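Scroll down for the structure; my scribbles are underneath it.
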Amino acid sequence: MDYAATTPVDEKVKEAMLPFFSRSFGNPSSLHSFGRETRKAIEDSREKTADFLNASAEEIIFTGSATEANNMAIRGVVANYKKPHIITSQIEHPAVLRTCQALEKEGIEVTYLKPDQEGIISLRSLKEEIKENTALVTIMTVNNEVGTIQPIKEIAELLKEKDIIFHTDAVQAANHLDLNVKELGIDLLTLSGHKFYGPKGIGILFKRNSLSLKPLTFGGHQERGLRPGTENVPAIVGLGKALEILEKGKEKELRDKLLKKLLEIERVKLNGSLKKRVPNNINVYIPGIEGEALLVMLDEQGLAVSTGSACSSGDLKASHVLKAMGFGDERAHSSIRITLGKYTTEEEIERAGEIIKETVEKLRKTSGYK
Amino acid sequence: MKSLYSKKIMDRFLNPRNMGKLANPDGIGDTENLRCGDIMRIGIKVEDNVIKEIKFETLGCAPAIASSDMICELAKGKTLEKAKKIKYEDIVDKLGELPPPKIHCTQLAEKALKMAIKDYEKKQ
């Protein structure tokens, strides 16, 4: 139950991709029929992506990942200004956070907005930080750890008045929210194929037509020169198919059932707003256990969950999201994230509830928690 | 698929032999490393300068729990002099294949044992 990390490729998506490995393999830049065939497949996928976002096809740029799209958007905007100021939030994904931190080292001014205890960025705090030279605001649509939905429509309205460019990392939103870029008034938006039952290794940057970005890499003419390099045709085709068949998540009922069960465990608390939250996310604080220990013990029983901290990957720091929300190290280390997807079943939810309850009891015994 | 950690770590983590609380410990060592979220407590009972009983309670990750269990194993039945000489490297040796960022778990266990012995000696 770690669908926010990634999702399996839908069978229909896989079927759509398969012809583009060995049969239709032409280089989309070739003028002969083999090349024109894959060019058409790419442009079809671009149309489908544009339809999903209510954008036009030329506003869609295919990238190798959402991380690349975020870098492209943020750096691409900033490079057009002499002394720009960026506003972002403390709860962004590292793909945005570390890009901004790197820009800071290059002398660019960045403000990191603090969320409230519910995990939401307030419009008021954004208003207060806008300066004369604010060029770009980048705030995620949905937080990846606690699933909280940010007020991006209101942010976009505010920024339009002030002529500031708005980018949003919407990677965790595609399954749950309407991402109508026209209606939302967004200038730049990032998506990732593997979060909605598409393949890995493919991302999207929506870029409003009138906006110009400086390229980060140089080479051929592909993706209007913003993403040179021969296109990953199977992944692009798969992504288009995934968006075409994407249905709004129906996980809420199962999520609420599991959440209820978890909250029955003594002193367990939900992290982040319940109301302003995507319907597949649970993030709970379980005092008396350490997140990674619970993760490893659940893994042994075939249940995959996630912790905010990537402890074993060498980073011992607790979740930057929970800490930004005002929680201490202890709470940040004793929290886990569970995310459901379209293949999650009632039976799995029942079992997960039981397994987590028993495992928490066992670990609480080990820690002497009463 | 193999477990995230080595067999020895997983065994000590899933089935710790020395977990629990001593009724009337002669010495207690409390340590914590809040940055990584670990809290360790080791209790000892001493007779004729020998650690007769030793138990731990740990709030921490799998290697932290395994390290706590292993240091109890290493210290049990040893004289205080010998127990004082147990180093975190001895735990690493016993557990094997510990990821480098988790070495500090074994250092925390060494510290907890040393503090428990100190606590005992202070009371004498």
Side-chain angles (χ1 to χ4, degrees), chain A residues 2 5 266-268 271 285-323 327-337 355 358-370, chain B residues 1-23 25 28-43 55-70 72 97-105 107-109 112:
Chain A
D2 198 16
E266 239 182 301
R267 275 165 283 187
V268 166
N271 292 319
Y285 165 46
I286 311 175
I289 62 107
E290 196 270 340
E292 195 204 280
L294 181 57
L295 181 153
V296 175
M297 218 178 254
L298 293 176
D299 185 34
E300 287 297 302
Q301 300 168 81
L303 178 60
V305 301
S306 155
T307 58
S309 61
C311 213
S312 52
S313 60
D315 186 0
L316 301 178
K317 278 186 231 132
S319 153
H320 71 285
V321 174
L322 294 177
K323 292 192 77 176
F327 299 122
D329 277 315
E330 185 266 330
R331 181 157 177 163
H333 279 298
S334 296
S335 291
I336 60 160
R337 177 188 77 176
I355 292 174
E358 287 166 20
T359 311
V360 166
E361 275 169 21
K362 186 172 174 185
L363 281 170
R364 278 181 169 175
K365 246 182 227 157
T366 312
S367 72
Y369 180 84
K370 266 162 214 95
Chain B
M1 191 62 210
K2 276 196 344 199
S3 298
L4 178 61
Y5 297 110
S6 72
K7 267 203 183 119
K8 280 181 195 160
I9 295 175
M10 289 307 292
D11 176 42
R12 292 274 161 184
F13 167 56
L14 296 171
N15 310 296
R17 326 319 192 236
N18 306 295
M19 176 197 96
K21 196 185 223 114
L22 290 177
I28 287 177
D30 270 318
T31 51
E32 59 183 306
N33 177 350
L34 274 182
R35 218 179 119 247
C36 71
D38 291 350
I39 303 175
M40 240 178 239
R41 162 176 284 217
I42 286 180
K55 287 212 180 291
F56 79 90
E57 286 172 313
T58 293
L59 169 64
C61 59
I65 291 170
S67 299
S68 315
D69 197 46
M70 189 50 84
C72 291
E97 285 183 73
L98 196 65
K102 295 295 187 183
I103 297 291
H104 75 279
C105 299
Q107 291 165 337
L108 199 65

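Keep in mind the model is a prediction, meaning the values are calculated, not measured.
Note on A:Arg364, A:Met297, A:Lys362: by heavy-atom pairs under 4.5 Å with chain B, the leading option is A:Met297. With respect to chain A, the highest number of heavy-atom pairs below 4.5 Å among B:Arg41, B:Lys21, B:Met10 belongs to B:Met10.
Ionic pairing of A:Glu292 and B:Lys102 is present here: one or more N-O contacts between side-chain nitrogen and carboxylate oxygen are shorter than 4.0 angstrom.
For the side chain to side chain contact (heavy atoms under 4.5 Å, CB included) with A:Leu298, the qualifying choice from A:Leu295, A:Leu294, A:Val296 is A:Leu294, the only one to do so.
If you measure heavy-atom distances from A:Lys365 to chain B, the contacts under 4.5 Å come from both the backbone and the side chain. Only the side chain of B:Ile65 comes within contact range of chain A, judged by heavy atoms closer than 4.5 Å. For a residue to count as touching a neighbouring chain, one of its non-hydrogen atoms must lie under 4.5 Å from one of that chain's; by this rule B:Pro100 does not touch chain A.
At least one donor-acceptor pair closer than 3.5 Å links the side chain of A:Ser319 to the backbone N or O of A:Val321. B:Asn18 places a side-chain N or O within donor-acceptor distance of the main-chain N or O of B:Asp69, the cut-off being under 3.5 Å.
Every residue meeting the side-chain contact (heavy atoms from CB on, under 4.5 Å) condition with B:Leu108, not counting sequence neighbours, appears here in chain and number order: B:Thr31, B:Asn33, B:Asp38, B:Met40.
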